[in-house]
Amino acid sequence: MPIILAKTAGFCMGVRRAMNLVLDAVNKDNTDIYTVGPLVHNHQAVEMLRNRKVNIIENLDNLPAGKVFIRAHGVTPEVRQRLEQPNVEVVDATCPFVRSAQLIIDKYAKQGYACIIIGDVGHPEVVGLLGYAQGNGYVVSTESDIANLPMLDKVCVVAQTTQSSDRFHRLVEKIKEKIPNAVIHNTVCSSTDERQTETLELAKQVDAMIVVGGRHSANTKRLVEIAQSTGTPTYLVETSDELNPTEIQKYHTIGITAGASTPHWVILNVVRTVKRIKRESGGVVYRATSSLFRFLIDTHLYLGLGAAALTYACGILQGFVPEWRYLLIAFFYICSMHIFNSFTDKTAKEYDQPERVLFRRRFRIPLLWFASGSALVSLGIALSLGWIPISILLVASLGGLFYSLQMIPKSLQKTVRYRSFKAIPGSKDVFMSIAWVMVTVIIPFLSQTKYRIEMDDMIAALFAFSIVFIRSIMFDLKELEGDRIIGKETLPIILGRKKTNAMINGLLILLCLLLMLSYLVKWTTFVSLVFLGTIGYIFFYRYLHKTKTIGEELLFETIVDGQFLLTGILAYVAQLSLPGYI
Ligand code: SF4
């Protein structure tokens, strides 16, 4: 029973922009935040904002002091005017596409044109648009509405941005029959168009469709209509709780799409639940495999294995075959640190990975025992290697534990912005990469008899640092919305998605060049060329992530953390096939 998640599912540009503006203000500004009506048409998103103390203004007569956001759907000019008051800072989060439709109506209304809006009567966006028509506006949603229009001379026609293109063109034809010289402006937004086209195509391919979104959201309802028009059974759900397992089990292939204002965590919860239903109704082999992967990932054993594989690979790159003790140190250290840190970093996961949070709550004690035991085992093995490895590991372990600790007292929080290392923007990615380099490169290097740092050691450290850093940023990108909600300042939040992606691509290209150059100038052996396979793999999974092929966390983590296992396998194959080089 494959599940196909539409690539366009999730916030559209306008909704994301409005959300980001409000959440950035919540996280950074020390003032009360309000929105004029619900910011977006989605109950879960509005509830999340309410939890972050963003209140909705229902009555404009009594405006409170603070920052007031105009929602993505926009408002009438009259409401804009009423917001202009002392003590009120107005922030316009109207979607640029909606704003453009408002300005078109404004321009024509000032020239004496009547305005026809193809849309839904009473929808907040339509109400806002009508406000610009200077009392000379009409809303039509059916052919009979057009038939009932009075005789109009100068007419401008626009669409509510979330109308379907088909309906817009059909109704425009009817309007032209009645008013041939009507000026037409197609203001259906491209994001709506793409979402609807994809929904139509997807609904034709699958046995059933699930549309995730608010019942009162116009664009969600439109997606349901489009999917139903293909004859495919279609279910509208607001959250995963509304999924009916008996119904879902009836279908082999299920398509999932979502309205423009549906938060990504709500969509992912639906995908997870459908997958869980699939697991429960699937064959024994399938159930066992997916449960095994979930267990390995939730306990960080999979990542620990990756750390051991990377240690092995870095050793081969440095010109020696690492002994088992180095691999075990990396395995136990990475398991323990990631488990400990997962308990101090759970807030964003409440949104992004609720099943993971549930697992941690349920197995809190065994996990903490395992993490403590792993830390001790890694220290014990390091001790057996000598005082230098144990000292390095102690520094790495204490660094990992102190990373989340708030070392600056609360009383000084006004003078010192960052009370812990963790609070420094982007610090997690850098600290984590350094810790990995310590166990995968530095400890094995210092445990060797040679103490002279050579170029191959530097290349190995840079290679390990870069791929761990990229892995960490990939997780930040995936958890962007959850992190923004809780006010966590990760690199993608500071730089933005576009610049972060450019940074990763730049880093990958530099790493490629470095690996090739280091072989050409004989800093390293042929093995560095073999590791170009890892870079290719990273480019590949970045493509899968960009196209939303690997959105769900189990698949995402299996594939992304698989880069370490792949690197270990490449190193092993290189060692076997090119024994003379190592
Ligand atoms: Fe803007 Fe289009 Fe989103 Fe509406 S659906 S908020 S017009 S991007």
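One-based numbering, in listed order, for ligands and for the atoms of each. Note that this is a predicted model, so its numbers are computed, not measured.
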Exercise. For atom 8 (S) of ligand 1, what's the nearest protein heavy atom and its distance?
Worked result: Gly14 N, 3.4 Å

Exercise. Which atoms of ligand 1 sit under 4.0 Å from any heavy atom of Thr161?
Worked result: 4 (Fe), 7 (S)

Exercise. Within 45 degrees of the axis of the six-membered ring of Tyr34 and under 6.0 Å from its centre: does Lys67 put its NZ or CZ there?
Worked result: no

Exercise. Do the ring centers of His216 and His43 come within less than 6.0 Å of each other?
Worked result: no

For this session: Among all protein heavy atoms, pick out the one at the shortest distance from atom 2 (Fe) of ligand 1; state its residue, atom name and that distance to 0.1 Å.
Result: Cys189 SG, 2.3 Å

Exercise. How far is atom 5 (S) of ligand 1 from its nearest protein heavy atom, and which residue and atom is that?
Worked result: Thr192 OG1, 3.5 Å

For this session: Hey, could you give me the CD/CG distance between Gln111 and Asp106, rounded to the nearest 0.5 Å?
Result: 10.0 Å

Exercise. When the aromatic ring centroids of Tyr537 and Tyr541 are compared, is their separation below 6.0 Å?
Worked result: yes

Exercise. What protein heavy atom sits nearest atom 1 (Fe) of ligand 1, and how far away is it?
Worked result: Cys95 SG, 2.2 Å

Exercise. Honestly, is Arg471 close enough over Phe475, meaning NZ or CZ under 6.0 Å from the six-membered ring centre and within 45° of the axis?
Worked result: yes

Exercise. Starting from atom 3 (Fe) of ligand 1, which protein heavy atom do you reach first, and at what distance in Å?
Worked result: Cys12 SG, 2.2 Å

